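Only one structure is covered here, and it is reproduced in the block below.
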Amino acid sequence: MSGSVLAGVDVGGTNTKVLLTTTDLDVVDRVDLPTPAHAGGAAIVATALGAVTDLLDRHRASLTGVGVGAAGVVDATTGTVLVTGNSFTGWAGFGVTAAVTAALGVPATLDNDVNAFLLGEVATGAVAGQADVLGMTLGTGVGGALVLGGRLFAGPRGAAGEIGHVPGFGDAPCTCGQVGHLETLAGARGIADRYAERSGRRTTALGVAEAARAGDADAAAVFEHAGWGLARAALLTAGILDVTTVVIGGGIARSWDLLEPAVAAAVAAEPPVSGAPIRFAQSALGADAVALGAAAQVRDRVFASGPVVVEDSAV
């Protein structure tokens, strides 16, 4: 093909995904490559942009903008990574959008990976066109994001939607240093820990899921409690914000068959005061969601016509 395209980049601690899309967010091509996570911010961005350039050459296309989604805490306004986990070195404090624009001469955006995931699903995925959505990613931990009134709502300090770190879900210690957060029930680490507590056996979250499907009562109970936690999170969001649509992604979401019965039972037992049904949707974009959401965000920046933009943090 030839013509103008967007690039979406998903920077993870292990792998980086790069997509080229049309301005309608149809995927033209994609590539996955290892992230040089301990080589510093310049190397991480250069690796991603090298893949962008290769794809552009392959398709004889011109670039309109680059959107980046990255794990950790970011400042979307300045396009800077603020805080990362220990899987990265020299990434925190790096000015991503400035580096992209300097290298390629096009507009660039940066957001955290959970926000980008939700933007992708709202733009062209499982909740396409929905104006009010809670997004949850169930990976090692539990990430959250909100779209309200068609806008990504980050809150005054960028922490809106962080449903994984809301208390009231037991008394187990969370990775953040506090206790009783949803992450301790529904994240991969939490599922493995809760199973070890019940059974005395240590395995991965995938191993717990396999055991549950094989009839292990302890494993089934762990997923039942995780499903209860997800339902409680959705009910809290419905009660406070009147948001009743939830999209779920991440590796643990692949065990929806184990989570869904408890989710449905809990929601049926205590429906929202509005009377509106809570809808849970599984990600339709899978591994492309973050990169597609990043592409959607830079598209909206360039054309100022998309339905989802970042809500001013002063709101």
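Position 1 is the first residue of the sequence; numbering continues from there. The figures here come from the full heavy-atom set of this structure, side chains too, leaving out hydrogens, waters and symmetry mates. Keep in mind that what you see is a predicted model, and the values were worked out from it rather than measured.
- Note on L104 and L20: same hydrophobic cluster, where clusters join Ile, Leu, Val, Met, Phe, Trp and Tyr whose side-chain heavy atoms are under 4.5 Å apart, directly or indirectly.
- From C176, atom SG reaches atom CD of E162 across 10.0 Å, with rounding to the nearest 0.5 Å.
- Using a 4.5 Å heavy-atom cutoff, the side chains of R58 and V28 are not in contact.
- Side chain of E121 to backbone of V247: no donor-acceptor contact under 3.5 angstrom is found.
- Under a hydrophobic-cluster definition in which Ile, Leu, Val, Met, Phe, Trp and Tyr are linked whenever side-chain heavy atoms come within less than 4.5 Å, directly or via other members, L33 and V52 are assigned to the same cluster.
- Annotation: the span from T16 atom OG1 to I44 atom CD1 amounts to 7.5 Å, rounded to 0.5 Å.
- Side-chain contact between T109 and V68 is absent, with no heavy atoms from C-beta onward closer than 4.5 Å.
- Two residues are said to be in side-chain contact when any heavy atoms from C-beta on lie closer than 4.5 Å; L19 and R30 meet this criterion.
- In this structure, Q178 contributes its side chain and P167 its backbone to no donor-acceptor pair below 3.5 Å.
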- Mind running side chain to side chain contact (heavy atoms under 4.5 Å, CB included) on L182 and M136 for me, showing each step along the way? CA-CA 11 Å; L182 175 61; M136 286 197 281; 4.2 Å; yes
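- Under a hydrophobic-cluster definition in which Ile, Leu, Val, Met, Phe, Trp and Tyr are linked whenever side-chain heavy atoms come within less than 4.5 Å, directly or via other members, I240 and L146 are assigned to the same cluster.
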- Residue pair F94, T80: steps toward the side chain to side chain contact (heavy atoms under 4.5 Å, CB included) verdict: CA-CA 6 Å; F94 189 77; T80 303; 6.0 Å; no
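- Residues F88 and H38 have side chains not in contact (no heavy-atom distance under 4.5 Å, counting atoms from C-beta outward).
- Considering all non-hydrogen atoms of both residues, A284 and A126 come closest at CB-N, 3.6 Å.
- Between the side chain of T47 and the main chain of A43, a donor-acceptor pair closer than 3.5 Å is present.
- Evaluated for a salt bridge (Lys or Arg N to Asp or Glu O under 4.0 Å) with K17, the options D288, D113, D10 yield exactly one hit, D288.
- Between E270 and R232, some side-chain heavy-atom pair lies under the 4.5 Å cut-off.
- At distances below 3.5 Å, not a single donor-acceptor pair connects side-chain atoms of T35 with backbone N or O atoms of A37.
- When all heavy atoms are compared, the tightest approach of A186 to L138 is O-CB, 4.1 Å.
- A pairwise comparison of heavy atoms in G120 and L285 identifies O-CD1, 3.3 Å as the closest pair.
- Using the six-membered ring where Trp is involved, W228 and F169 have ring planes that are perpendicular, over 60° apart on the 30 and 60° scheme.
- Remark: the backbone N or O of V106 is paired with a side-chain donor or acceptor of T101 at under 3.5 angstrom.
- What you find for A48 and V9 is that their closest heavy atoms are CB-CG1, 3.9 Å.
- Atom OG1 of T22 sits about 4.0 Å away from atom CG of D26, to the nearest 0.5 Å.
- One distance of note links CG of L185 with CG of D193; it measures 11.0 Å at 0.5 Å rounding.
- Between V127 and the options V147, T245, L134, a side chain to side chain contact (heavy atoms under 4.5 Å, CB included) holds for only T245.
- Nearest heavy-atom pair across S4 and T64 is CB-OG1, 3.3 Å.
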- Starting from the C-alpha separation in whole Å, work towards a yes-or-no answer on side chain to side chain contact (heavy atoms under 4.5 Å, CB included) for L259 and I252. CA-CA 9 Å; L259 296 166; I252 300 301; 4.3 Å; yes
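- A continuous path of hydrophobic side-chain contacts links V142 to V267 [ILVMFWY only; heavy atoms under 4.5 Å].
- A donor-acceptor contact shorter than 3.5 Å links the side chain of T184 to the backbone of H181.
- Rounded to the nearest 0.5 angstrom, R151 CZ and D132 CG are separated by 12.5 Å.
- Neither V114 nor I248 shares a network with the other; the hydrophobic side chains, linked directly or stepwise wherever heavy atoms of I, L, V, M, F, W or Y lie under 4.5 Å apart, form separate groups for each.
- Side chain to side chain, E183 and H165 meet the donor-acceptor criterion of an N or O pair below 3.5 Å.
- Around CZ of R198, the count of heavy atoms belonging to other residues, nucleotides or ligands within 6.0 Å exceeds 12.
- Taking the side chain as every heavy atom from C-beta outward, Q297 and N115 never approach each other to under 4.5 Å.
- Residues L82 and V74 are not in side-chain contact: their nearest non-hydrogen atoms beyond the backbone lie 4.5 Å or more apart.
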- Message: Apply side chain to side chain contact (heavy atoms under 4.5 Å, CB included) to residues V246 and R279 and explain how you reach the verdict.
- Response: CA-CA 6 Å; V246 183; R279 174 196 172 203; over 6 Å; no
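- Atom CG of D171 has 12 or fewer heavy atoms from other residues, nucleotides or ligands within 6.0 Å.
- Annotation for F280 and A231: closest pair CZ-CA, 4.3 Å, computed over non-hydrogen atoms.
- Ion pair E197/R194 flagged as a salt bridge, since at least one NZ, NE, NH1 or NH2 atom sits closer than 4.0 Å to an Asp/Glu carboxylate oxygen.
- Counting only heavy atoms from C-beta outward, the side chains of D111 and F117 never approach each other to under 4.5 Å.
- Between the T21 side chain and the V27 main chain, no donor and acceptor come within less than 3.5 Å of each other.
- Distance alone, capped at 3.5 Å, places no donor-acceptor pair between the S255 side chain and the L258 backbone.
- Here the CD atom belonging to E260 is positioned 11.5 Å from the CG atom belonging to L230, to the nearest 0.5 angstrom.
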